[in-house]
Amino acid sequence: LQQTLLTRAPEDAVSVFEFTETHQQIGEMLRRFCEREIEPVIDGLERGEVDPFSLLRRLSDTFGLGEMVEGPLRRKAERLRAGEPSQGGGGGPFGDPGLATVFSKELAGYSPGLCLCAAATVGCGSTIAARGDADLVERCAIPLLSLKSVGCWALTEPGSGSDAFA
C-alpha cells in the first residue's frame, strides 16, 4: 500500500467526498482569492514578514465567514442558556466535511503553514462550540470560527497528559 501511495499520480487520487457543484464553485473562488491575496506575498509570509492573521481576516471578510457562523452559534448559546442540552458544534461552514476539505485543499496549495494556522483556529473554535457553555460559545467560538481571532491548543494538563479528549 505504501509503495502504491508513493507512486500514484495525482490524477489517480480518489476522494472520499462527493463534491457538489457548490463545493467546486467555492473551491474556484478560494483559488482566485489565493492567487490574488496569498501568492503575491508567499515569500514574505514564509519568511515571517507578512502577518498571516491579516490574510485570514481578509479571507473571512471576503467569504462572509462571520455571518455564516454567528447566527447559528448565537442561537446555540440561547438554547444553552435556556437549559437545553448541547447538540454538537452549532452549524456554520466548517460543519460540512466537503467544504472543510475544499477550504484546506485550496489554502494548503498556496501556503501549508497558513492552512495549518486556519485549521488550528477552526479546530479550537469547533471544540469550544461543541463543548463550551453559552458564554464561551459567544465570546470565543464565534470569533475563532469566523477567523477574526487566532486559536491555539495547549494540551498538557496535570492529570490529563496531552490527550485533547481527556
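The chain is numbered in sequence order, starting from 1.
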Asks: Run the side-chain donor-acceptor check on residues 49-57: report pairs under 3.5 Å with partners two or more places apart or on a different chain.
Replies:
| from | atom 1 | to | atom 2 | distance (Å) |
| --- | --- | --- | --- | --- |
| Glu49 | OE1 | Arg47 | NE | 3.3 |
| Glu49 | OE1 | Arg47 | NH2 | 3.0 |
| Glu49 | OE2 | Arg47 | NE | 3.1 |
| Asp51 | OD1 | Phe53 | N | 3.1 |
| Asp51 | OD2 | Ser54 | N | 3.4 |
| Ser54 | OG | Asp51 | O | 2.9 |
| Arg57 | NE | Lys148 | O | 3.4 |
| Arg57 | NH1 | Phe53 | O | 3.3 |

Asks: Indicate yes or no: at least one non-hydrogen side-chain atom of Thr62 is less than 4.5 angstrom from one of Leu59.
Replies: no

Asks: To the nearest 0.5 Å, what is the distance between CD on Glu70 and CD on Glu138?
Replies: 9.0 Å

Asks: Quick check: do Tyr110 and Leu45 have side-chain heavy atoms less than 4.5 Å from each other?
Replies: no

Asks: Would you name the heavy atoms of Cys124 and Cys152 that are closest together and state the gap between them?
Replies: SG-O, 3.5 Å

Asks: What's the shortest heavy-atom distance between Ala118 and Phe103, and which atoms?
Replies: CB-CE2, 4.0 Å

Asks: Roughly how far, to the nearest 0.5 Å, is the CD atom of Glu37 from the CG atom of Leu114?
Replies: 11.5 Å

Asks: Mind listing the closest non-hydrogen atom pair of Gly66 and Ser60 along with its distance?
Replies: N-OG, 3.9 Å

Asks: Are Ile142 and Leu136 grouped together when hydrophobic residues (ILVMFWY) are joined by side-chain heavy atoms under 4.5 angstrom apart?
Replies: no

Asks: Contact between Arg32 and Glu106 at the side-chain level, heavy atoms closer than 4.5 Å - yes or no?
Replies: no

Asks: Will you find, in the side chains of Glu28 and Gln24, an N or O donor that is under 3.5 Å from an N or O acceptor?
Replies: no

Asks: Check Ala134 against Ala77 and note the closest heavy-atom contact, atom names and distance.
Replies: CB-O, 3.5 Å

Asks: Which of these passes side chain to side chain contact (heavy atoms under 4.5 Å, CB included) with Leu145: Leu65, Val137, Val69?
Replies: Val69

Asks: Could you give the distance from CG (Leu99) to OG1 (Thr22), rounded to the nearest 0.5 Å?
Replies: 9.5 Å

Asks: Could you measure the distance from the CD1 atom of Ile128 to the CG atom of Leu73? Nearest 0.5 Å is fine.
Replies: 11.0 Å

Asks: Is Leu107 linked to Leu116 within one hydrophobic cluster, defined over Ile, Leu, Val, Met, Phe, Trp and Tyr using a side-chain heavy-atom separation of less than 4.5 Å?
Replies: no

Asks: Say you draw a straight line from CD1 of Ile26 to CZ of Phe63; how long is it, rounded to the nearest 0.5 Å?
Replies: 8.0 Å

Asks: Minimum heavy-atom separation for Gly125 to Ala141, with atom names?
Replies: O-CB, 3.7 Å

Asks: Given side chains that start at C-beta, do those of Asp135 and Leu80 come closer than 4.5 Å, heavy atoms only?
Replies: no

Asks: Would you name the heavy atoms of Ser149 and Thr121 that are closest together and state the gap between them?
Replies: O-CG2, 3.3 Å

Asks: Going from CD on Gln25 to CE on Met29, what distance comes out if it is rounded to the nearest 0.5 angstrom?
Replies: 8.5 Å

